[in-house]
Colleague: 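The structure under discussion is supplied below as structure tokens; questions concerning it will follow.
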Amino acid sequence: MARTNYSKIYAAIRRIPFGKVATYGQIAEVAGLSRQARLVGYALFNQKVDGDLPWHRVVNAQGAISYSPARQKADHLQRVLLEAEGIVFNARGRIDLKQYRWQPKGRQRKA
DNA sequence: CCGTTGACGGCGA
DNA sequence: ATCGCCGCCAACG
């Protein structure tokens, strides 16, 4: 067990349903890392074995894609993948979290 | 072992 | 609403 909590992070990301997105803070919260959204990003940076890992469904709290020098060109790829799931981007490159944000169990906001 | 950086978030001005 | 600073933990040099 003394493994990193990254396993939980990956597990949380895998829980994101199709056509929905989650913020780093959300993933961190679900993974039990409440305020450590940075760890989530770092975990994804370590992420080499994707496949079942929908990393593209992870965006920042602003509803926008987090750019990084480590990804440079892959940033656009994320947008493409999200659009392929039916998610629409604004002119600002942001999405409507109210509509696409994934709500973990117990997190459902009242209708 | 110490200092700095980093796929972020929240609060203040 | 935008810009900037601090904080949290882990990894890197």
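In what follows, chains are A, B, ... by sequence order, proteins preceding strands, each numbered from 1. Quick caveat: nothing in here was measured; it's all calculated off a predicted structure.
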Colleague: Mind calculating the distance between OH (A/Tyr42) and C1' (C/dC12) to the nearest angstrom?
Modeller: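 Roughly 6 Å, once rounded to whole Å.
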Colleague: In whole angstrom, what separates A/Ile9's CD1 from C/dC8's P?
Modeller: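 Nearest whole value for this atom pair: 18 Å.
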Colleague: Report the distance from atom CG of A/Leu39 to atom P of B/dT5, rounded to the nearest whole Å.
Modeller: 18 Å
Colleague: Measure the distance from CG on A/Leu44 to P on B/dG6 and round it to the nearest whole Å.
Modeller: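 So the CG-P distance, A/Leu44 to B/dG6, works out to 17 Å.
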Colleague: If the test is side chain to side chain contact (heavy atoms under 4.5 Å, CB included), which one of A/Val40, A/Leu39, A/Leu33 qualifies with A/Tyr6?
Modeller: A/Leu39
Colleague: Check step by step if side chain to side chain contact (heavy atoms under 4.5 Å, CB included) holds for A/Val59 and A/Gln78.
Modeller: CA-CA 9 Å; A/Val59 296; A/Gln78 180 166 7; 4.0 Å; yes
Colleague: What stems involve DNA chain C, if each pair must be Watson-Crick or G-U and both of its distances must be under 3.5 Å, with 3 or more such pairs in a row?
Modeller: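 Stems for DNA chain C, defined as runs of 3 or more consecutive pairs: B:2-6 with C:9-13, B:8-13 with C:2-7.
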Colleague: With sequence neighbours left out, write down each residue that passes salt bridge (Lys or Arg N to Asp or Glu O under 4.0 Å) with A/Arg38, or none if nothing qualifies.
Modeller: none
Colleague: Calculate the interatomic distance between A/Lys8 atom NZ and C/dA10 atom C1'; express it in whole Å.
Modeller: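 Between C1' of C/dA10 and NZ of A/Lys8: 15 Å.
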Colleague: How about A/Ser68 and A/Phe45: do any of their side-chain heavy atoms sit closer than 4.5 Å?
Modeller: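 Answer no - side chains too far apart.
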Colleague: Scan nucleotides 9-13 of chain B against the protein and return all N/O pairs shorter than 3.5 Å with their distances rounded to 0.1 Å.
Modeller:
residue : atom : partner : partner atom : Å
B/dG9   : OP1  : A/Ala61 : N            : 2.8
B/dG9   : OP2  : A/Ala61 : N            : 3.0

Colleague: Ignoring hydrogens, what is the shortest heavy-atom contact between A/Val21 and A/Gln26? Give both atom names and the distance.
Modeller: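 Where A/Val21 meets A/Gln26 most closely, the heavy atoms are O-OE1, 4.4 Å.
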Colleague: Say you draw a straight line from CD1 of A/Ile16 to CH2 of A/Trp55; how long is it, rounded to the nearest 0.5 Å?
Modeller: 12.0 Å
Colleague: Quick check: does any side chain N or O of A/Asn90 sit under 3.5 Å from a backbone N or O of A/Arg92, one acting as donor and the other as acceptor?
Modeller: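 Looks like no, no N/O pair under 3.5 Å.
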Colleague: Looking at A/Arg79, I want to see if its CZ is surrounded by more than 12 non-hydrogen atoms of other residues, nucleotides or ligands under 6.0 Å.
Modeller: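 Enclosed: over 12 neighbouring heavy atoms sit under 6.0 Å from CZ of A/Arg79.
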